Amino acid sequence: MAINSLFKRDIISGNGKLTEKQRRFAYTSLAPILLYMGVFTLFPIVWAVVMSFFDYTPIREGSGFLGLGGDNPFIAIDNYIELFTENTKPAEVFRIALKNTFIFTALVLPLNLIITLPLAVILESIGERFKTLFRAIYFLPTISSSVALVIIWSYIYAPGWGLLSLMFKAVGLVPPKSWLQDPSLVYFGVPLAMICVVIAHVWQDFGYNLVIFVAALQSIPKTLREAARVDGANVWQEFWLVVVPLLRRTVLLTSVLTVISSLQVFVIFQLLTRGGPQNQTQTMLLSIYENAFRFANNLGLSSAMSMVLFIIILTLTVIQFRILRTEWEY
Amino acid sequence: MKKILFVFVMASLMLAACGGGATEAPTASNEPVEIRVWGHQAPAFNEANQKMFDDFMAANPNVTIKYETFPWDVFIQTIQTSLPAGNIADVILLPGGYTCRYALGGQLLEVPADVMTLDQAKEIFFDAPLGGQTCDGKLYGFPAEYNLEYGGAYVNPALFEEAGLAYPPKWKTWDDVVMDAKALTKVGSDNVMTVAGMHYTNGDQLFTYFLAGILEQGGSYFAEDGKHFNFNSPEAVATIQKLMDMAQKDGIVDPIIFNADSEWVGDSFAQGHNAIGVLGSWYASDAKIGYPDLVFNYVSLPPIMGPEHKFVSVGGWGYVVGKSTQHPDIAWQLAAFLGANEANVLYFNSTSATIPAMKSVAANPKYVEAVPFAAAVLPILDAGAYQGNLTDPDQLAYEIIYPTILDAIQGNQTAEEAANSIHEAANAMVDSAQ
């Protein structure tokens with residue numbers, strides 16, 4: 001039976017609600033994805049929230065439902081208190097990671113937008129054939145394997161014989177002894193290793209925002225730009241006073257997406273610096289991973305860290321939506 | 001409709017919850033049985049194990065062995081996420097230091113007395129690897145190898161020849177090693193070290209030699225209660241100072257460039273970036289696969305801080321049986337076949353080029369014939385002990401000791417400050433775990 005035929009007007013009940021047959025079809029269609037979401041998304045989230053209130057590790061047998069209780073006791077908010085007040089190594093490293101994650105995000109967001117928005121405008125202004133070519137080139141790192149990209153960047157940042165060091169030497173500059181491992185190199189309060197990771201990440205990630213901006217630019221009615229020109233606006237005024245305000249929704253979207261992805265970056269840190277040197281590139285996700293799977297297998301503490309990260313992402317997203325809220329459509 | 005949907009969802013959840021159980025229900029001895037074995041992905045290990053599995057299945061036609069291997073990170077994650085669900089494999093080849101973590105949590109079975117007693121095991125295995133399988137005085141598995149990060153180093157013949165040094169080196173004291181390392185070190189015109197004379201600033205090595213240095217001087221890293229640590233002793237400070245001096249005064253390694261995360265000792269050695277690579281003998285088999293043209297030798301190192309060798313080991317990989325197995329008899333039969341049968345152990349250690357945990361295999365000339373580079377460390381195996389209950393060995397090694405000592409070697413703190421920092425962090429870890 002064609003799906004459309006199920007929804008023909010003649011079989012919709014008189015009060016506008018779905019018929020029994022339509023409801024059955026809708027439920028049957030939704031059940032698999034609901035089941036999937038329930039088992040693989042909803043349950044892990046609820047499980048993580050619950051675990052954050054227990055001194056839980058899977059290596060202890062525990063008692064009760066899924067090993068909660070017994071040797072894995074309920075400890076209320078002790079995990080959260082430990083994270084923010086105690087001097088244990090995991091808690092100390094987590095607090096460093098929290099700061100580093102904010103620094104990373106604060107650097108990535110503006111850098112990404114500063115690169116992608118003008119680049120999108122330039123791309124939009126060139127011929128169709130080159131536009132497609134350049135869009136593909138810029139998007140290539142985004143769809144490439146993160147591991148492969150990290151290998152490329154590890155060659156670029158290699159001490160002494162790396163590409164970046166060789167380029168420095170070629171122009172008569174003295175490169176740092178190590179781009180990624182010297183804890184003494186800090187510029188404007190930001191460790192050099194963190195700056196290097198930011199650059200590598202932005203290079204990998206900016207393709208997404210670029211494509212979104214190009215699409216947004218294409219959707220701006222030409223009449224608005226033409227009207228500005230008729231009113232005597234030059235190219236800069238047209239961009240700054242017409243295009244940028246109309247892209248506010250897109251800026252909001254890309255900002256939110258960039259902040260969320262920056263807060264959750266893992267692979268590049270894990271493979272390029274592993275949080276070093278001296279925890280200067282330790283991030284929240286690395287901390288969560290290491291405490292859950294590398295060190296004490298303390299899933300309770302790791303879950304509490306995950307909840308903190310979740311609250312941060314939620315808060316920042318809400319704030320961004322409020323700040324960049326627009327009141328018009330075009 | 002809601003009821004139908006509810007029943008469907010609940011039935012599916014129950015199926016999901018019940019799925020993936022350990023194995024089938026208990027069977028009679030001649031009925032088909034599937035035994036799952038888990039290990040990490042290591043070509044040499046897998047090759048050795050597979051041959052022994054084939055032999056076991058040939059001798060026990062009703063048994064099918066399903067061997068599942070995982071990359072290291074996935075391996076540990078899989079074990080940890082499978083434990084609460086009770087569906088870990090019947091037999092697991094666990095790394096040293098992990099057995100007691102799971103055994104004391106009630107997740108592993110004790111070796112039945114009719115398979116092997118602890119006293120019997122003490123006769124058969126070296127103390128250090130056996131210690132990794134012994135928890136609270138109970139035996140939980142069979143050590144397959146002796147994890148040794150101490151006592152040996154890789155040497156590069158071309159670099160020795162270039163420096164005009166005798167090869168292979170026969171060092172009598174640690175000072176001899178440092179003297180050769182100084183001659184082997186190369187620094188470029190831009191003041192960047194291109195070849196480290198000796199790369200000892202890797203995570204495992206700083207941890208291992210820090211503990212060994214304390215022991216060689218007659219000290220102990222445990223406090224009197226046996227749980228807390230004594231890491232700010234004069235012996236600990238002296239060891240850190242020695243590790244610092246080799247980099248800062250002797251200049252045989254630049255710890256900014258050469259450490260665990262940059263120029264990792266194994267790859268760095270294979271690429272000719274260090275002349276003496278201090279690393280466990282286990283790397284030799286990896287190097288032969290990863291760098292088939294690499295010419296090297298593995299030679300013994302003298303004690304670093306005292307007159308004679310004293311060191312500790314994390315134990316070594318060992319065969320254990322999961323608590324949820326439905327076939328404990330067959331699982332133990334297989335584990336013993338793999339880890340306690342001398343011929344099989346000889347085959348495993350020879351094929352995987354690992355150091356034997358079994359004394360008789362270490363003394364077997366066939367083993368040295370198969371793994372000649374191991375001869376450098378075989379004489380010191382009796383000097384090793386199990387590292388003991390370090391609460392969280394990985395956290396202690398990689399989050400506390402390694403980064404702190406590296407920081408000191410890099411010139412950011414004194415030996416005393418580093419020792420105090422390690423002492424406080426390590427004891428805070430113990431307090432937090434209690």
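Lettering of chains follows the sequences in order, A, B, ..., and the numbering in each one begins at 1. Because the structure is predicted, anything quoted here is derived from the model rather than measured.
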Which portion of A/Asp182 sits near chain B, non-hydrogen atoms under 4.5 angstrom: both
Would one find more than 12 heavy atoms of other residues, nucleotides or ligands at under 6.0 Å from atom OH of A/Tyr36? no
Using non-hydrogen atoms and a 4.5 Å limit, figure out which bit of B/Asp254 sits close to chain A: side chain, backbone, both or neither. side chain
What I'd like to find out is whether the side chain of A/Arg60 reaches to under 4.5 Å of the side chain of B/Gln107, using heavy atoms alone. no
Could you check if a side-chain atom of B/Gln395 sits within less than 4.5 angstrom of a side-chain atom of A/Lys89, using non-hydrogen atoms only? yes
Relative to chain B, which segment of A/Gln181 carries a heavy atom at a distance below 4.5 Å: side chain, backbone, both, or neither? both
Return the OG1 to CG distance between A/Thr57 and B/Asp392, rounded to the nearest 0.5 Å. 9.5 Å
Looking at every heavy atom in both A/Pro159 and B/Ile257, which two are closest together, and how far apart are they? CG-CG2, 3.7 Å
Surrounding CZ of A/Phe84 (heavy atoms of other residues, nucleotides or ligands, distance under 6.0 Å), is the total greater than 12? yes
Part of B/Glu424 lying under 4.5 Å from any heavy atom of chain A: neither
Most heavy-atom pairs under 4.5 Å with chain B, out of A/Glu92, A/Lys169, A/Arg274, belong to A/Arg274
With a 4.5 angstrom heavy-atom cut-off, is it the side chain or the backbone of A/Thr273 that approaches chain B, or both, or neither? backbone
Quick one: pull up CD in B/Glu399 and CG in A/Asn291 and give me the separation to the nearest 0.5 Å. 6.5 Å
Which one, B/Val192, B/Ile76, B/Thr404, B/Asp407, leads in non-hydrogen pairs under 4.5 Å with chain A? B/Asp407
Starting from the C-alpha separation in whole Å, work towards a yes-or-no answer on side chain to side chain contact (heavy atoms under 4.5 Å, CB included) for A/Gln278 and B/Gln410. CA-CA 11 Å; A/Gln278 300 299 331; B/Gln410 289 175 341; 4.2 Å; yes
Would you check if A/Tyr289 and B/Gln77 make a side-chain contact, meaning some heavy-atom pair closer than 4.5 Å? yes
Using heavy-atom distances under 4.5 Å, tell me whether A/Pro90 contacts chain B through its side chain, its backbone, both, or neither. both
Region of A/Glu82 in contact with chain B, defined by heavy-atom distances below 4.5 Å: side chain
Considering only heavy atoms, which portion of A/Gln282 lies under 4.5 Å from any heavy atom of chain B: side chain, backbone, both, or neither? neither
Within a 6.0 Å radius of atom CG on A/Leu163, are there more than 12 heavy atoms belonging to other residues, nucleotides or ligands? yes
A/Leu301 side, atom CG; B/Ser432 side, atom OG - distance, nearest 0.5 Å: 8.0 Å
So, taking the atom named CG in B/Asp261 and the one named OG in A/Ser178, what distance separates them when rounded to the nearest 0.5 Å? 10.0 Å
Validation row: A/Pro183, B/Asn412 side chains within 4.5 angstrom (heavy atoms): yes
Please classify the contact between B/Asp190 and chain A as side chain, backbone, both or neither, with a heavy-atom cut-off of under 4.5 Å. side chain
